[in-house]
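Notes to accompany the following structure.
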Amino acid sequence: MKSLDNERYRRFAAQRLKCCWGECVGEVFIVTAVLTMAVLAFLTVTEILFRCGVISFGIGSLGKGGWKLGVAAIIYIFLLYVALIPLKYGTAWFYFQEAHSTSIPGSGFFSCYMHRKHIKGTLKLEFMVIARRMGVAVFPIAFIALMTWHFRWLLDQDPTAAAVSLAVFAITGALLVFMYIIYHLRYIFVPYLYASDPEKAPKEIIAESIIVARGSRFGIIKLVFSLSPLWVSCLAIFPLIFVIPYTKMTFAAAAAEIFDAYRSDSRHIGNAEGIKEEALV
């Protein structure tokens, strides 16, 4: 497959956003508002439980009623999952259509809420992706936890050896994290593939994303690094309202071209029809 033209994707994204800037910024504010309200609600519930004596906090650990707070946290995470995942896939559909120069109203972001099958389909698909990512994430997390414990123990025994151990740990840990990011990228096209053909089974979409990502892996990595300076600017918070839509539109443009390239060769897609563009509403 030919290399990705990242500069062209970025120019297209900047140009196309002029047609839907208000809708895209609105989506960023909606997600931010939902997350903010969820955090405030959880903190409020925690405060109420604490004042009523249902839970208590010990020094350095959770005291009485800790399991109740854990249950509340699980419930909140589940509610956030149900609220935001269909929006994530509806957003992918919106940007994917815009990447094909098709103007979509702002209601397109909420297209996955319109039918029960899309709500169930997106929740199931995203759960399968998260399960795969978490299954692999166990290894770098376990390594980092083990090496952190080993460094703290070694620091008391031999500071010089601890310094060498820290250097080895930093290099190895960075390599593991980088490898996990590469693994993570194999699912980057899942939302766009669902937007292209929501009738496909989740396993087919995931398998197809792996195949498509494998053929353009280095191009995707270069695209991610080309956008990294913009994300550094987000430390100032305000640039987020531009960087998030710009990043999504850029990736949607890349996905549209990559899909078109694979659609021209039915051997990669698995059928003669290729990737369909279906409305979710």
Side-chain angles (χ1 to χ4, degrees), residues 1-2 4-6 9 12-13 16 27 81 84-102 104 108-136 181-221 223-224 244-245 247-281:
M1 182 180 176
K2 66 178 182 179
L4 305 186
D5 190 346
N6 295 335
Y9 301 149
F12 173 86
R16 192 62 192 170
E27 186 263 340
Y81 178 81
L84 292 179
I85 295 305
L87 179 60
K88 172 185 175 179
Y89 281 79
T91 299
W93 180 77
F94 178 93
Y95 280 100
F96 194 67
Q97 298 302 314
E98 291 289 343
H100 285 90
S101 299
T102 302
I104 302 296
F109 287 118
F110 308 100
S111 55
C112 286
Y113 296 104
M114 303 300 181
H115 298 285
R116 183 179 300 177
K117 72 171 185 176
H118 291 313
I119 296 176
K120 294 172 61 177
T122 55
L123 294 179
K124 180 180 179 180
L125 178 57
E126 187 66 15
F127 178 80
M128 293 174 66
V129 172
I130 291 174
R132 285 165 170 76
R133 284 173 171 164
M134 292 298 295
V136 176
I181 292 174
I182 300 300
Y183 176 85
H184 178 88
L185 291 177
R186 68 193 335 211
Y187 303 115
I188 196 170
F189 292 121
V190 166
Y192 301 111
L193 287 168
Y194 182 86
S196 299
D197 188 359
E199 299 302 324
K200 277 191 175 181
K203 288 185 177 180
E204 291 183 33
I205 293 176
I206 292 174
E208 196 168 323
S209 177
I210 294 172
I211 294 172
V212 174
R214 185 182 298 136
S216 51
R217 181 180 302 157
F218 294 106
I220 298 170
I221 294 173
L223 181 57
V224 170
I244 291 177
T247 300
K248 290 181 178 180
M249 187 67 79
T250 302
F251 271 99
E257 184 168 293
I258 290 170
F259 292 176
D260 286 342
Y262 275 89
R263 178 165 49 190
S264 65
D265 187 350
S266 59
R267 291 175 301 173
H268 293 283
I269 299 301
N271 57 70
E273 295 179 357
I275 298 176
K276 297 181 290 183
E277 295 177 25
E278 293 191 0
L280 296 182
V281 293

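Quick caveat, the model's predicted, so the values are computed rather than measured.
Looking at residues two or more places apart in sequence or on another chain, you find no salt bridge (charged side-chain N to carboxylate O under 4.0 Å, His left out) involving Lys124. With sequence neighbours excluded, the residues that form a salt bridge (charged side-chain N to carboxylate O under 4.0 Å, His left out) with Lys88 are Glu126. Qualifying side-chain hydrogen bond (donor to acceptor under 3.5 Å, both in side chains) partners for Tyr187, counting only residues two or more places apart in sequence or in other chains: Tyr183.
Put simply, the side chain of Arg186 does not reach to within 4.5 Å of the side chain of Arg132, judged on heavy atoms. Side-chain atoms of Tyr194 and Ser209, non-hydrogen and from C-beta on, never get closer than 4.5 Å to each other. Two residues are said to be in side-chain contact when any heavy atoms from C-beta on lie closer than 4.5 Å; Tyr95 and Thr247 fail this criterion. Proximity of Pro198 to His118: side-chain heavy atoms (C-beta onward) are separated by under 4.5 Å at one or more points. Looking only at side-chain heavy atoms (C-beta outward), Ile206 and Met128 come within less than 4.5 Å of each other. Within the 4.5 Å cutoff, side-chain heavy atoms of Glu257 are placed close to those of Tyr9.
Considering every non-hydrogen atom in both Phe12 and Ser101, the closest pair reads CE1-OG, 4.0 Å. Across all non-hydrogen atoms, the minimal contact from Asp197 to Ile205 is O-CD1, 4.2 Å. Minimum heavy-atom separation, Ile104 to Gln97: CG1-CB, 3.5 Å. When every heavy atom of Arg133 is checked against every heavy atom of Ile188, the shortest pair comes out as NH2-N, 4.3 Å. Considering every non-hydrogen atom in both Val190 and Tyr89, the closest pair reads CG1-OH, 3.6 Å. The two atoms that bring Ala99 and Met249 nearest to each other are N-SD, 4.5 Å, heavy atoms only.
Note that the NZ atom of Lys117 and the SG atom of Cys112 stand 10.5 Å from one another [nearest 0.5 Å]. Taken to the nearest 0.5 Å, the OG1 atom of Thr102 stands 11.0 Å off from the CZ atom of Phe94. From Trp93, atom CH2 reaches atom CZ of Phe109 across 10.5 Å, with rounding to the nearest 0.5 Å. Distance check, rounded to the nearest 0.5 Å: OG1 of Thr122 to CG of Leu87 gives 10.0 Å.
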Please report the C-alpha distance between Phe259 and Phe189 in whole Å, then the side-chain angles of each, then the deciding distance to 0.1 Å, and finally whether the ring-ring contact (aromatic ring centres under 6.0 Å, His included) criterion is met.
-> CA-CA 10 Å; Phe259 292 176; Phe189 292 121; 5.6 Å; yes

Please test Lys248 against Thr91 for side-chain contact (heavy atoms from CB on, under 4.5 Å), starting from the C-alpha separation and ending with a verdict.
-> CA-CA 9 Å; Lys248 290 181 178 180; Thr91 299; 3.8 Å; yes

Should Phe127 and Ile85 be marked as a side-chain contact (heavy atoms from CB on, under 4.5 Å) after you check the CA-CA gap, both sets of side-chain angles, and the distance that decides it?
-> CA-CA 10 Å; Phe127 178 80; Ile85 295 305; over 6 Å; no

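Using a distance-only test at 3.5 Å, with no hydrogens or angles considered, a donor-acceptor pair links the side chain of Tyr81 to the main chain of Leu123. Between the side chain of Ser111 and the backbone N or O of Gly108 there is at least one donor-acceptor pair closer than 3.5 Å.
Aromatic ring orientation, Phe96 versus His100: perpendicular (interplanar angle above 60°, classes split at 30° and 60°).
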